[in-house]
Each structure stands twice: as C-alpha cells, then as structure tokens.
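Note on naming: letters A, B, ... go to the chains in the order of the sequence lines (proteins, then strands), and numbering restarts at 1 for each one.
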Amino acid sequence: MASILPLQLSHVRLAIGTTIVAEDFTLALAAGDPTIVVGANGSGKSTLLRLCHGLAIPTGGTIAWARDPKGQQAMVFQRPSMLRRSALANVAYGLKLRGMPREMRTAIARDRLCRVGLEAIADRPARVLSGGEQARVALARAWALDPQILFLDEPTASLDPAATRALEDILRAMADEGTKIVMTTHNLGQARRLGADIVFLHRGRVLEHAPVERFFRSPGTPEAAAYLAGELPW
Amino acid sequence: MAIFGDAFATAFSLLFGGDRQLFGIVALSLQVSLAATLIAAAIGLPIGAALALARFPGRQTIVVILNALMGLPPVVVGLVVYLLLSRAGPLGSLGLLFTPGAMVVAQTVLIAPILAALARQTLEDAWAEHCDQLRSLGASLMQSAATLLWDTRYALVTVVLAGFGRAAAEVGAVIIVGGNIAGVTRTMTTAIALETSKGDLGLALALGIVLLSVVLAVNAAASWLKSMSVRRYG
C-alpha cells in the first residue's frame, strides 16, 4: 500500500475565537519509528494531534500528506469513549462503519483484543471495564483499522505502571509492524523508552524536533532545557 | 372524605367485576395514546437527533421553540386539530373528526415536541461524549446519529414513556377532537370529566384510580429499565 507519509505541516495556525491555540506548527513526520510529542500543559500537544488527524481545521498554514489519508489514520484519545455494547463490538465498530461484513470484522476485532490481552473480556460491556482495560480496548479499536499512522493523546495518563508497560509493549509491536506512532506524553521515561525522535512544543509552537538521545542530552533551546529540568524524570 | 373510600370500592368492583364498558374505555385510551406515542417517536426522535448533531444557522432558535412547545396546552392543540379536521377545514375530507384517528392526531401533535426536545438533550450529551471518537473512526453524521440513538436507547425509552404518560393523562385535546362519544371516542380522561360534571364523583374517581395505576405502572417500568441498563452497560 502506498504510504500517506511523510506528513508536512507548514506554519499551521489555529485560533478558536480570539484564543490562539496553535501559533506556528511547522513539522515533518516521516514513516518509521515512534515520534513522541512533549511540552507543558497548554503547549498545544492535543491540538497538534487533532490538527494532524483532521479533527481540527487550521485557520492558517497547510497540512499536506503524501497522498489522501482518508481511512489510513486512527487516534486514541486520552479519555476513551466507549459505546454501550461489548468490548468486541466496540472494536469492530470502526470496521462496521466501513461496511465490512460481520464475520470478517468480528474476526479482526477478536484478533486485536487477543493481541492487547483482553480476549477473556471480549463479550463484557465496554463501559463497565476498568480504566486500564478501556485504554487497551481503545488501542485495539484503533488497531483494527490497520492505520498507517496512529495518534495517541496521553494514552497512559491515568494508568498504573503495569498497565502503562502493557500499553507500551503493544505500541512497540505495532511500530514493528510498520505503523507510525505519534504520541503525546508527560512521562519522559516513556518518551525515552518508546521514542525515536522528540517533538517539543512551547506555547503553540514547535520549538524542537530532534532524535531522542540528542533532545535529552543537549536540548537546543532554553525552553526545552527548562522543561526537562522541571519535569520529574520517570 | 367517605367519597374516597366509596371510590376505591367502586374502582375495585369495576376493575375486578369485569365491567365491559370500563374495559372498553381503558382499551381505547391505551390504543389511542400508544399509537400517538409510536407516531410521535417516529417523528420526534429523528428530529431530536438532527438538532443534537447538526450545526446550522437558526438551530438555537428551533431548540428554544421546541422547548417552549413542551408546554403546549392540550386544549389549544385540540382546537387547532379540530379546525384542521372539521368539515370546512383543509383536512376535512379525511372525515377524521370525532373518531379515534383524530384523537391520535391531536395527541401526536401534543407529544412529538416533547419527545424531540427531550431526545435532543439526551443525544446532545451523548454526542459531546462521543463526537471526537466517532469522527475519528470516520462515521458520517447519519451513521453517528443512528449509533447514538441506539447507544442511548434506554434513556430514550424513558423519554418515550414520558410522552406516553403525557398523552394518556391529557383531556383537553381528545375531548375537543373526539367528542367523548360513548363507545367510540370515550377515554378515561374524557369519561372522568363527564362523570364529574354529571355528579357521579365515585365513578369519576374510580376511573381516576385506574388512570393513575396505568401511569404508575408505566413509570415503574421506565425506572426499572433504566436501572437495569445502568447495571448492565454502565
């Protein structure tokens, strides 16, 4: 399948009313290893993902894919929303929207639930699952679409260390199979573990985009250095 | 206060004495109100969904009007439907006036705005919760509406039953367009009004007790359904 990457953002701006939530996002995302987006609260991490994913329309600048990304991208939200149906049906739902026959989509959904370790609870109602389980269902739901690029907005923000590890393992497996991972996090340890390159946002701007080792060893801007000094290191 | 005791005795003997006339009245009431509720649901729920999901100029105005229509006085609805269905009216050729059909029309007009307004509120809350996720999965507005109608089905049953309660309990509209003809268009509420004006307060109160029982049973069913769904689906 032809790749929709690289994704090129040029001077992307987003103003909601009089509030500017994105000042200048200029960034290229290439296929390959995971990209981790870091920055303080309000720096525009979620906005960047929403713009890339097409949930927010920029008020300025351009977002260009190598080819039409329709149906080739997926997103996992910080607070996954679950429909009032089984975990399996939630995972299969995206495929149902695409008109895939029931047996085929159920088989795929079951496979993805297995791969996130949830085969045992496939038939339980999704909304009564624990936070960690819902996070994995959300990941399985995105995975079922076999996206070329997967955006994740702080997927482990409310998870305990074990659940966080489980999620990271799944993401690594997906990355190994060729899915481009673009994830925001406040967890710098996680950024090191998962990321190949780091995008640092500050007040609605992309201030740095560097390989992970270089970013942590010698950040190129005083803002990034201050951010790294201020964040807790785990 | 002896009249209440007598009324309960009368109600009891009517109900369990197998009074054919009473059963005819109760059956007609339920038929008319059930038919009106079904038609109003078929009209009101899609309108509520459209208002909840779509964004268009004038939407807020329509929402305000719809909310105001929830307080529509039944006698006014009765009068308007009467004028429309009367021999000289635009729909006079249908010959519906003073038939159960006219009563169904009047009650439908009365409760369709209630169902639409309450459904809009329910679906708007659900849309706020699922909007990003559904758009991310590529759901069209129509697909989202269908999904959310199904996802909020238990809350919507409560909405529909509220409409049914309103229809079954109103007297102003059915008495005008139905005419309270014995054996043809006499419902519980119109019979109560008639018996009261005739001075047969015991029979009126007995009918009132039957009506209250029906409304109570409907509400009990609604609350049971709701708590069951919360237990099961979260």
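Proximity to chain B is limited to the side chain of A/Tyr93, based on heavy atoms less than 4.5 angstrom apart. At a 4.5 Å heavy-atom cutoff, the contact between B/Arg232 and chain A is made by backbone atoms alone. In this structure, no portion of A/Arg79 lies under 4.5 Å from any heavy atom of chain B.
Taking the side chain as every heavy atom from C-beta outward, B/His130 and B/Thr147 never approach each other to under 4.5 Å. Side-chain contact between A/Arg112 and A/Ile108 is present, with heavy atoms from C-beta onward closer than 4.5 Å.
Heavy-atom minimum distance, B/Val77 versus B/Leu110: CG2-CD1, 3.7 Å. The nearest pair of heavy atoms linking A/Pro58 to A/Leu14 is CA-CD1, 4.3 Å.
The candidate with the highest count of non-hydrogen atom pairs below 4.5 Å against chain A, out of B/Ser229, B/Ser140, B/Ala139, is B/Ala139. The candidate from A/Leu95, A/Val76, A/Leu55, A/Val128 with the greatest count of non-hydrogen atom pairs under 4.5 Å with chain B is A/Leu55. For chain B, the option among A/Arg124, A/Met82, A/Arg141 with the highest count of heavy-atom pairs below 4.5 Å is A/Arg141.
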Practice problem: Determine, stepwise, if the pair A/Ser46 / A/Gln78 fulfils side-chain hydrogen bond (donor to acceptor under 3.5 Å, both in side chains). | Solution: CA-CA 9 Å; A/Ser46 299; A/Gln78 192 173 344; 5.1 Å; no

